[in-house]
Amino acid sequence: MSGIFTKSMARNIFYGGTVFFFLLFLALTFDTERELPNRDNRAAITPQVAAGKHIWETRNCLGCHTLLGEGAYFAPELGNVYTRRGPDFIKAWMQAQPTGAPGRRQMPQFHLTDEELDQLVAFFKYTAEINTANWPPNIEG
Amino acid sequence: MQYKSQAVAMPYFIAAIGLFVGQIIFGLIMGLQYVVGDFLFPEIPFNVARMVHTNLLIVWLLFGFMGAAYYLVPEETETELFSPKLGLAMFWIFLVAGAATILGYLLVPYSTLASMTGNDILATMGREFLEQPLLTKIGIVIVALAFLFNITMTVLKGRKTVISIVLLMGLWGLAIFFLFSFYNPVNLVRDKFYWWWVVHLWVEGVWELIMAALLAFVLIKVTGVDREVIEKWLYVIITLALVTGIIGTGHHYFWIGTPEYWQWWGSIFSALEPIPFFAMTVFAFNMVNRRRREHPNRAAVLWALGTGVMAFLGAGVWGFLHTLAPVNYYTHGSQITAAHGHMAFYGAYVMVVLTVISYAMPILRGRAANGTKAQVVEMWAFWLMTIAMVFITLFLTAAGILQVWLQRVSDTPMSFMATQDQLTLFYWMREWAGVVFFIGLLTYLASFFIKGDAKDVKA
């Protein structure tokens with residue numbers, strides 16, 4: 001911070017650096033968008049999956065669970081729940097909530113119809129088949 | 001107070017502190033639900049409490065940023081606010097919209113709230129931190145635009161200092177990146193990819209500009225160090241922040257279906273993200289050591305130093321702890337993340353807002369600084385909250401290490417819930433640390449009501 005390094009030099013480095021790295025970020029984003037069709041399982045997105053995602057969002061599932069590791073850390077990871085538990089278990093589980101076991105964490109009853117449960121399961125199946133670079137480390141999530 | 005219109009900041013600061021109290025109460029509820037799972041169920045399920053906890057945090061920090069801008073910009077630009085009336089009107093709109101949203105979370109089932117507020121027309125809800133109904137999101141945009149118009153017009157008609165320009169860039173960035181909250185593709189990978197353009201580019205991008213500008217402003221005021229020196233530091237800090245932070249977004253792109261080269265980009269650049277926070281710490285201590293005056297508001301100086309240190313620890317060190325891809329493979333979405341989140345938000349953003357409030361509030365109330373007694377109580381609050389937050393973070397880190405080991409590293413991995421049962425001791429200790437934090441917060445509130453020998457030295 002001596003006299004040689006002036007404020008206007010600092011300013012120019014700031015603007016130059018920010019623009020450069022933002023453009024680099026955009027370039028990486030562009031490349032990511034090109035690569036994604038090979039990884040994001042988009043071929044599996046059906047209207048049923050879309051409806052399932054809508055249910056996932058409007059019940060605020062992320063307020064307790066993680067999905068691909070993002071969300072709240074109060075309840076199990078669900079990105080791979082389709083693989084871990086399978087469709088029938090997921091549906092039966094949802095219908096059995098809350099357990100009411102004293103002192104245990106409780107999951108609300110969302111009163112989903114059978115069709116809605118199938119949509120949610122379809123969403124989980126789609127999610128489980130996204131290429132996540134082998135995350136999570138094991139089936140427990 | 002040099003400019004009458006700076007008074008607009010006062011209600012913003014009061015609302016910020018009020019919502020802060022609400023945030024901590026819901027934090028305590030959640031902390032208890034971690035160990036007494038059915039506490040307040042079904043009245044306030046965990047997901048609702050969490051939504052209230054995190055959304056209140058965001059809203060009160062926004063109140064704090066806006067209040068800080070209304071206070072700082074007239075003084076920096078040496079002119080009255082463009083429109084104090086607009087500033088006050090926006091305050092009430094934001095407060096009512098915020099309160100209505102929180103009440104909506106608490107009183108209406110989330111899916112009903114979604115269909116009542118147009119989520120079927122444009123689905124934006126149910127994503128972490130962006131749970132707000134569409135109407136609230138639109139409201140945030142309107143308030144932000146009106147606020148930015150007001151502040152920008154003020155800067156345009158006044159003196160253009162580096163601090164006000166950097167603050168303005170940060171605030172505009174905040175508004176612009178929030179627009180990505182309206183983009184929610186069905187494709188989950190793309191949804192997550194652009195969701196981070198709000199969340200990461202806020203907290204590890206443009207918010208750092210806001211933080212650095214606010215800190216620089218308070219340091220000029222309390223140390224009397226030459227503006228040229230401080231502004232040069234400011235440029236260096238925000239350069240480091242954006243050069244590391246923009247590509248550093250990549251540390252969120254390891255395991256969400258994005259190409260694997262992000263593991264390299266994300267690891268390398270985010271490993272450098274502690275540097276700007278370290279620079280901020282050095283900056284704060286350096287300026288205070290070179291001070292040319294003894295400002296009577298010693299509490300504000302303490303907050304300014306504290307925010308530098310705690311932001312470096314919380315955002316820098318605890319961020320680095322789990323940012324390298326091979327480490328993050330095991331820690332992603334565990335209690336380690338929660339530990340980092342708590343200390344980073346407290347150290348960087350809570351404390352910088354409290355720094356500004358600590359400096360500005362006495363002046364808004366007609367004195368250069370509070371009396372000694374009030375300041376001593378405020379400093380007690382500083383230490384109680386800060387040490388409590390250190391312990392919250394340490395206990396969550398311990399819980400996280402144990403969790404990662406039992407559930408992910410071990411040869412015989414345990415299920416999520418079986419693992420959680422093993423962490424109970426740490427969750428209880430975290431909750432008690434939370435109680436101490438709350439006591440610190442109450443002490444902080446009390447400091448505003450202590451009368452005594454107010455310091456009348458010109459601020």
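Below, all heavy atoms of this structure are taken into account, side chains as well, without hydrogens, waters or symmetry copies. Each chain gets a letter, A, B and so on, in the order the sequences are listed, and its residues count up from 1.
- The line from NE2 of A:H65 to CZ of B:F46 is 11.0 Å long, rounded to the nearest 0.5 Å.
- Annotation for B:L188 and A:Y126: closest pair N-OH, 2.8 Å, computed over non-hydrogen atoms.
- Remark: side-chain polar atoms of B:K232 are paired, donor with acceptor, to backbone N or O of A:F5 under 3.5 angstrom.
- In this structure, B:E228 pairs ionically with A:K7, as a charged nitrogen and a carboxylate oxygen lie closer than 4.0 Å.
- Counting heavy-atom pairs under 4.5 Å between each of B:R190, B:M51, B:R127, B:Q33 and chain A puts B:R190 at the top.
- Test A:I130, A:N41, A:D40 against B:N187 for side chain to side chain contact (heavy atoms under 4.5 Å, CB included) and you get one pass: A:D40.
- Side-chain atoms of A:D31 and B:Y261 include a donor-acceptor pair closer than 3.5 Å.
- Within the 4.5 angstrom heavy-atom criterion, atoms from both the backbone and the side chain of A:L28 approach chain B.
- Taking 4.0 Å as the cut-off between side-chain N and carboxylate O, A:R105 and B:D421 do not count as a salt-bridged pair.
- Between atom CZ of residue A:R104 and atom CZ of residue B:F41 there is a gap of 14.0 Å, rounded to the nearest 0.5 Å.
- Here the CD-OG distance, from A:E77 to B:S334, works out to 11.5 Å after rounding to the nearest 0.5 Å.
- Between the side chain of B:D38 and the backbone N or O of A:G103 there is at least one donor-acceptor pair closer than 3.5 Å.
- Without hydrogens or angle criteria, B:H332 side chain to A:L68 main chain gives a donor-acceptor distance under 3.5 Å.
- Residues B:Y330 and A:W135 place their aromatic rings such that the two centres sit no closer than 6.0 Å.
- When each of B:V36, B:L240, B:I238 is checked for heavy-atom pairs under 4.5 Å with chain A, B:I238 comes out on top.
- With hydrogens and angles disregarded, a donor-acceptor distance shorter than 3.5 Å links the side chain of B:Y329 to the backbone of A:N134.
- Atom CG of B:L242 sits about 10.5 Å away from atom CZ of A:F21, to the nearest 0.5 Å.
- Nearest heavy atoms, B:G257 versus A:L36: O-CD2, 3.4 Å.
- For the set A:R84, A:M9, A:R59, the count of heavy-atom pairs under 4.5 angstrom toward chain B peaks at A:R59.
- Of the atoms belonging to A:E33, it is side-chain heavy atoms, and not backbone ones, that fall under 4.5 Å from chain B.
- Taking every heavy atom of both residues into account, B:T239 and A:A10 meet most closely at OG1-O, 4.2 Å.
- Of the two parts of A:S8, neither the backbone nor the side chain holds a non-hydrogen atom closer than 4.5 Å to a non-hydrogen atom of chain B.
- The minimum heavy-atom distance between A:F14 and B:Y235, with the atom names listed, is CB-CD2, 4.0 Å.
- Of the atoms belonging to A:M107, it is backbone heavy atoms, and not side-chain ones, that fall under 4.5 Å from chain B.
- Checked by atom type and distance alone, the side chain of A:N138 pairs as donor or acceptor with a backbone atom of B:Q407 at under 3.5 Å.
- With B:R408 contributing its side chain and A:P137 its backbone, the two residues share no donor-acceptor pair below 3.5 Å.
- The aromatic rings of B:W262 and A:F25 lie perpendicular to each other, with more than 60° between the two planes, well past the 30° mark.
- Using a 4.0 Å cut-off between a side-chain N of Lys or Arg and a carboxylate O of Asp or Glu, B:E231 and A:R11 do not qualify as a salt bridge.
- Atom OG1 of A:T18 and atom CD1 of B:I246 lie 5.5 Å apart (nearest 0.5 Å).
- Across all non-hydrogen atoms, the minimal contact from A:E140 to B:S415 is OE1-CA, 3.3 Å.
- Heavy atoms of A:H54 lying under 4.5 Å from chain B belong exclusively to its side chain.
- Contact tally against chain B (heavy-atom pairs below 4.5 Å) for A:G17, A:G71, A:G79: the top residue is A:G71.
- Using a 4.5 Å cut-off between heavy atoms, A:A101 contacts chain B through its backbone alone, with no side-chain atom that close.
- Within the 4.5 angstrom heavy-atom criterion, no atom of A:F20 approaches chain B.
- Only the backbone of A:P136 comes within less than 4.5 Å of a heavy atom in chain B; its side chain stays farther off.
- For chain B, no part of A:I55 is nearby; none of its heavy atoms comes within less than 4.5 Å.
- Scanning both residues, A:E57 and B:M125, for their nearest heavy atoms gives CB-O, 3.5 Å.
- A side-chain N or O of A:K53 and one of B:N184 form a donor-acceptor pair less than 3.5 Å apart.
- Only the side chain of A:I45 comes within less than 4.5 Å of a heavy atom of chain B; its backbone N, CA, C and O stay farther away.
- A donor atom on one side chain and an acceptor atom on the other are found under 3.5 Å apart for A:E70 and B:W196.
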